[in-house]
K.L.:
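Take a look at the following structure, please.
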Amino acid sequence: MKRIFTTMSLLMAATAMTGMATTAGAADLPAATPYTKAPVIEAWNPWMIRLRVLGVIPENGGSVNQVPGSSLKTSDQVVPELDISYFFTPNVAAELILGVTRHHVTGDGAIAGLDVGKAWLLPPTLTLQYHFTEFGAFKPYIGAGVNYTWFFSQTASGVGVTSSRLKDAAAPVVQFGFDYMIDKHWGWNVDVKKLWLRPDWEGTLAGGTPITGKVTLDPWLIGTGITYKF
C-alpha cells in the first residue's frame with residue numbers, strides 16, 4: 001500500500017511540473033497580431049471642369065499702315081467660359097478653355113472716331129499647369145501654353161470702312177490662379193491669363209481704297225467661377 005501511495009505522489013508531482021512548464025511556455029509566446037481590414041482606397045479621377053465668368057480686356061493698340069500716327073481700340077467684353085482640365089499627376093495638368101466673344105474695333109490717334117467694324121472670336125487656349133498641393137484646401141497653380149484665335153462673322157461699319165477682316169492668329173499665353181476646395185469635389189476658382197495676340201487686319205475704305213494694318217489685342221483674361229473635381 002505504501003508503495004502505491006508513493007507512486008501516486010510521484011505521478012501527481014510530475015503532472016504539476018508539466019502543467020507549470022506548459023503555462024510558462026505559453027506565456028513566453030508572442031501575442032497574436034490582431035486582424036485589421038485593409039482600408040478602402042478611393043479611385044483617383046483625373047478630370048476637372050470649371051464654369052467661369054470671364055472678363056476679356058484687350059490692350060488698345062495697332063495701326064493702319066497707310067495712315068501715319070494711326071492707332072486702334074478694341075472693346076472689352078464679359079462672357080461665360082468653360083474650362084476642362086486633365087491631371088496627369090496630382091501636380092501636373094493640362095487645361096483647355098472654350099468660349100466665344102465679340103469685340104468692336106474703332107480708330108484712335110490720327111483716325112480717332114473711325115468705326116472700323118465688329119468681329120466674333122473663338123479663342124481656344126491650351127495650357128500646361130503645375131498645381132501646388134501642400135496648402136490644404138487652397139490650391140494655387142501656374143501655367144503656360146498657346147492660344148489660337150479664329151475670327152468669324154466679321155462686319156464693317158459701312159461708314160468710312162466698307163469691309164473689315166481680322167486674320168486668324170496664334171499667341172503665347174501665361175497663367176496663374178487658384179482653386180479653393182470646399183470639399184473633395186466642389187470649389188471656387190480665380191484665374192488670370194495674359195495673351196500676346198496681334199492679328200493682321202485688312203479692309204477697304206468707302207472710296208474703294210484697300211488698307212491693311214495690325215491690331216494689338218494682347219488681352220488679359222480674368223475669370224472666376226465654380227470648380228468641380230470628379
Side-chain angles (χ1 to χ4, degrees), residues 50-84 95-127 143-177 189-225:
R50 302 182 184 93
L51 183 62
R52 292 190 281 236
V53 175
L54 185 69
V56 183
I57 308 172
E59 292 187 8
N60 291 323
S63 62
V64 175
N65 295 330
Q66 291 77 12
V67 183
S70 62
S71 185
L72 297 168
K73 296 192 298 184
T74 306
S75 63
D76 300 338
Q77 190 62 271
V78 177
V79 295
E81 176 256 312
L82 175 67
D83 144 355
I84 303 170
E95 177 196 81
L96 176 66
I97 70 165
L98 300 169
V100 293
T101 179
R102 188 171 187 248
H103 293 276
H104 187 188
V105 179
T106 57
D108 199 9
I111 55 172
L114 178 65
D115 190 343
V116 177
K118 299 177 181 179
W120 283 89
L121 285 67
L122 175 63
T125 301
L126 180 65
T127 60
V146 63
N147 159 272
Y148 193 88
T149 297
W150 283 277
F151 298 92
F152 63 97
S153 297
Q154 302 187 60
T155 59
S157 66
V159 179
V161 179
T162 57
S163 71
S164 174
R165 189 173 78 88
L166 289 159
K167 297 182 179 181
D168 302 343
V173 54
V174 295
Q175 172 188 34
F176 60 92
N189 174 260
V190 174
D191 185 87
V192 178
K193 295 181 180 70
K194 173 64 175 179
L195 281 68
W196 286 268
L197 178 62
R198 302 178 180 183
D200 291 327
W201 170 82
E202 62 185 19
T204 306
L205 296 178
T209 303
I211 52 176
T212 58
K214 185 180 288 289
V215 181
T216 304
L217 295 174
D218 291 355
W220 288 92
L221 308 181
I222 302 174
T224 186

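The figures here come from the full heavy-atom set of this structure, side chains too, leaving out hydrogens, waters and symmetry mates. Fair warning: this is a prediction, and the values are worked out from it, not measured in the lab.
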K.L.:
Measuring from Thr106:OG1 to Lys118:NZ, what's the distance to the nearest 0.5 Å?
P.N.:
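Output value for this atom pair is 11.0 Å.
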K.L.:
Are any non-hydrogen side-chain atoms of Thr149 and Leu121 less than 4.5 angstrom apart?
P.N.:
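Yes, side chains in contact.
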K.L.:
State, yes or no, whether a side-chain contact exists between Ser71 and Asn60 at a heavy-atom distance under 4.5 Å.
P.N.:
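Ser71 does not reach Asn60 side chain to side chain.
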K.L.:
Could you go through Val174 and Trp196, starting from their C-alpha distance and side-chain angles, then the distance that decides it, and tell me whether this counts as side-chain contact (heavy atoms from CB on, under 4.5 Å)?
P.N.:
CA-CA 9 Å; Val174 295; Trp196 286 268; 3.9 Å; yes
K.L.:
Can you tell me how far apart CD1 (Ile84) and CZ (Arg50) are? Round to the nearest 0.5 Å.
P.N.:
11.5 Å
K.L.:
Can you find a pair of side-chain heavy atoms, one from Leu54 and one from Gln77, that are under 4.5 Å apart?
P.N.:
no
K.L.:
Which atom names give the shortest non-hydrogen contact between Thr162 and Ala156, and what distance separates them?
P.N.:
C-CB, 3.5 Å
K.L.:
So do the side chains of Ile97 and Lys193 get within less than 4.5 Å of each other, counting heavy atoms only?
P.N.:
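A side-chain contact exists here, since the closest heavy-atom pair is under 4.5 Å.
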K.L.:
Under 3.5 Å, is there a donor-acceptor pair between the side chain of Thr127 and the main chain of Gly143?
P.N.:
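Judged by distance alone, no pair lies under 3.5 Å.
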K.L.:
Using modelled atom types only, decide if a donor and an acceptor are shared between the side chain of Asp83 and the backbone of Leu51 within a distance under 3.5 Å.
P.N.:
no
K.L.:
What's the shortest heavy-atom distance between Thr204 and Ser163, and which atoms?
P.N.:
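Taking every non-hydrogen atom into account, OG1-OG, 2.8 Å.
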K.L.:
Nearest 0.5 Å please: distance from the CZ atom of Phe176 over to the CG atom of Asp191.
P.N.:
8.5 Å
K.L.:
Is there a side-chain contact between Trp201 and Val105 (heavy atoms, below 4.5 Å)?
P.N.:
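No. Closest side-chain heavy atoms not under 4.5 Å.
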K.L.:
How close do Val67 and Ala110 get, heavy atom to heavy atom, and via which atoms?
P.N.:
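Residues Val67 and Ala110, closest heavy atoms: CG1-CB, 4.0 Å.
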K.L.:
Roughly how far, to the nearest 0.5 Å, is CG of Leu122 from CG of Leu98?
P.N.:
7.5 Å
K.L.:
Given 3.5 Å as the limit, does a donor-acceptor pair link the side chain of Asn147 with the main chain of Pro123, or not?
P.N.:
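Checked: pair present.
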K.L.:
Could you check if a side-chain atom of Ile111 sits within less than 4.5 angstrom of a side-chain atom of Leu72, using non-hydrogen atoms only?
P.N.:
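Answer yes - side chains close enough.
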K.L.:
Can you find a pair of side-chain heavy atoms, one from Thr101 and one from Trp120, that are under 4.5 Å apart?
P.N.:
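In short, these two side chains do not touch, never coming nearer than 4.5 Å.
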K.L.:
Do Gln154 side-chain atoms and Leu166 backbone N/O form a donor-acceptor pair below 3.5 Å?
P.N.:
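Looks like yes, one N/O pair under 3.5 Å.
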K.L.:
Go through it in stages, so that I can follow the logic: the residues are Leu205 and Ile211, the test is side-chain contact (heavy atoms from CB on, under 4.5 Å), and I'd like the CA-CA distance, side-chain angles, deciding distance and then a yes or no.
P.N.:
CA-CA 7 Å; Leu205 296 178; Ile211 52 176; 3.6 Å; yes
K.L.:
Less than 4.0 Å between a side-chain N and a carboxylate O, is that true for Glu202 and Lys167?
P.N.:
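A salt bridge is present here (some side-chain N lies under 4.0 Å from a carboxylate O).
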K.L.:
Might you work through the side-chain contact (heavy atoms from CB on, under 4.5 Å) test for Val56 and His103, ending with a clear yes or no?
P.N.:
CA-CA 10 Å; Val56 183; His103 293 276; 3.7 Å; yes
K.L.:
I'd like to check Leu197 versus Pro199 (side-chain heavy atoms, cut-off strictly below 4.5 Å). Are they in contact?
P.N.:
yes
K.L.:
Does this structure show an ion pair linking Glu59 with Lys194, if we count only N-O contacts that are shorter than 4.0 Å?
P.N.:
yes
K.L.:
Counting distance only, does the side-chain N/O of Lys73 pair as donor-acceptor with the main-chain N or O of His104 below 3.5 Å?
P.N.:
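Looks like no, no N/O pair under 3.5 Å.
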K.L.:
Supply the atom-to-atom distance Thr224 OG1 to Asn189 CG, rounded to the nearest 0.5 angstrom.
P.N.:
6.5 Å
